[in-house]
J.: 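I'd like to ask some things about the structure below.
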Amino acid sequence: RGKIGKRKLESVRSGGELFSILLEQQLIASGEVSFLEGLLESIKREDLVSQLKQFVEEGEVNAPDDQPDVHEKPFEVICENVGRDWKILMRKLGFSEVKMERVVAANPFNLREQLAQSLREWQKWKGRDAKVTDLIKALRGCNMNLVADRVEQ
């Protein structure tokens with residue numbers, strides 16, 4: 001309560017909104033999770049605290065951002081070239097509306113991050129069946145041929 005103003009706190013309607021406010025105020029950052037850990041401990045969610053600690057120990061938080069994963073290159077091209085129509089693409093890939101809404105709620109003001117997060121979720125959902133050829137086919141199915149050509153390159 002001491003970190004967020006009373007009026008702003010009263011207007012919060014979801015956990016996603018609260019999370020966004022904490023990110024904006026830089027109380028939670030990719031390399032700084034102690035505040036989040038304290039919040040989880042205060043609501044007695046030890047299960048989430050242990051998951052957070054495991055996440056940090058596995059190096060996900062400290063992974064270098066400047067070196068993209070080899071498998072992420074098509075994602076980068078797509079994120080750079082697909083705009084507001086990203087939901088059409090995700091529907092072509094079979095991604096559910098519910099999952100898209102969760103991604104939007106988690107990243108309400110960042111269109112590029114919404115698309116990137118959706119693609120990562122799609123990749124997790126499909127596992128080994130997530131193929132670049134599926135991405136290209138979906139892009140072409142949405143008449144995003146220029147983006148599909150760039151992904152092929």
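Along the sequence shown, residues are numbered consecutively beginning with 1.
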J.: Going through the distances and angles, do Met90 and Glu121 end up as a side-chain contact (heavy atoms from CB on, under 4.5 Å)?
T.: CA-CA 10 Å; Met90 295 312 297; Glu121 289 293 323; over 6 Å; no
J.: Can you give the donor-acceptor pairs under 3.5 Å from side chains of residues 77-84 to other protein atoms, not counting sequence neighbours?
T.:
{"unit_1": "Asn81", "atom_1": "OD1", "unit_2": "Arg150", "atom_2": "NH1", "d": "2.5"}
{"unit_1": "Asn81", "atom_1": "ND2", "unit_2": "Val77", "atom_2": "O", "d": "2.7"}

J.: Can you list the residues that meet the side-chain contact (heavy atoms from CB on, under 4.5 Å) rule with Ser50, with sequence neighbours excluded?
T.: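 Residues passing side-chain contact (heavy atoms from CB on, under 4.5 Å) with Ser50: none at all.
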J.: List for me each residue that meets side-chain contact (heavy atoms from CB on, under 4.5 Å) alongside Glu10, sequence neighbours excluded, and say none if there are none.
T.: Lys6
J.: Considering non-hydrogen atoms only, spot the tightest contact between Phe95 and Trp125 and give its length.
T.: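 That closest heavy-atom pairing would be N-CZ3, 4.3 Å.
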J.: Quick one: does Gln114's side chain have a donor or acceptor within less than 3.5 Å of a partner on Asn107's backbone?
T.: yes
J.: Kindly write out the residues that satisfy side-chain contact (heavy atoms from CB on, under 4.5 Å) with Glu101, not counting sequence neighbours, or none if the list is empty.
T.: Lys87
J.: Taking side-chain contact (heavy atoms from CB on, under 4.5 Å) as the test, write out the residues that go with Ala106, two or more places apart.
T.: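 Per chain and number, Ala106 pairs via side-chain contact (heavy atoms from CB on, under 4.5 Å) with no residue.
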J.: For residues Trp122 and Leu93, report the shortest heavy-atom separation together with the two atoms involved.
T.: NE1-O, 3.4 Å
J.: Taking the side chain as everything from C-beta on, heavy atoms only, tell me whether Val98 gets closer than 4.5 Å to Arg102.
T.: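 The answer is yes, as the side chains (C-beta and beyond) meet within the 4.5 Å cut-off.
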J.: Looking only at the side chains, is there a donor atom on one of Gln123 and Arg120 sitting less than 3.5 Å from an acceptor on the other?
T.: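 No, no side-chain donor-acceptor contact under 3.5 Å.
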J.: Give me the atom names and distance for the closest heavy-atom approach of Val104 to Trp86.
T.: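 Scanning both residues, the minimum pair turns out to be CG2-CZ2, 3.7 Å.
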J.: Determine all donor-acceptor pairs shorter than 3.5 Å in which one atom belongs to a side chain in residues 135-146; sequence neighbours excluded.
T.:
{"unit_1": "Arg140", "atom_1": "NH1", "unit_2": "Asn145", "atom_2": "OD1", "d": "3.4"}
{"unit_1": "Arg140", "atom_1": "NH1", "unit_2": "Asp149", "atom_2": "OD1", "d": "3.3"}
{"unit_1": "Arg140", "atom_1": "NH2", "unit_2": "Asp149", "atom_2": "OD1", "d": "2.6"}
{"unit_1": "Arg140", "atom_1": "NH2", "unit_2": "Glu152", "atom_2": "OE1", "d": "2.9"}

J.: Inspect the contact between Glu46 and Lys53 and indicate whether a charged nitrogen and a carboxylate oxygen are less than 4.0 angstrom apart.
T.: no
J.: Please say whether more than 12 non-hydrogen atoms of neighbouring residues, nucleotides or ligands are located less than 6.0 Å from NZ in Lys92.
T.: no
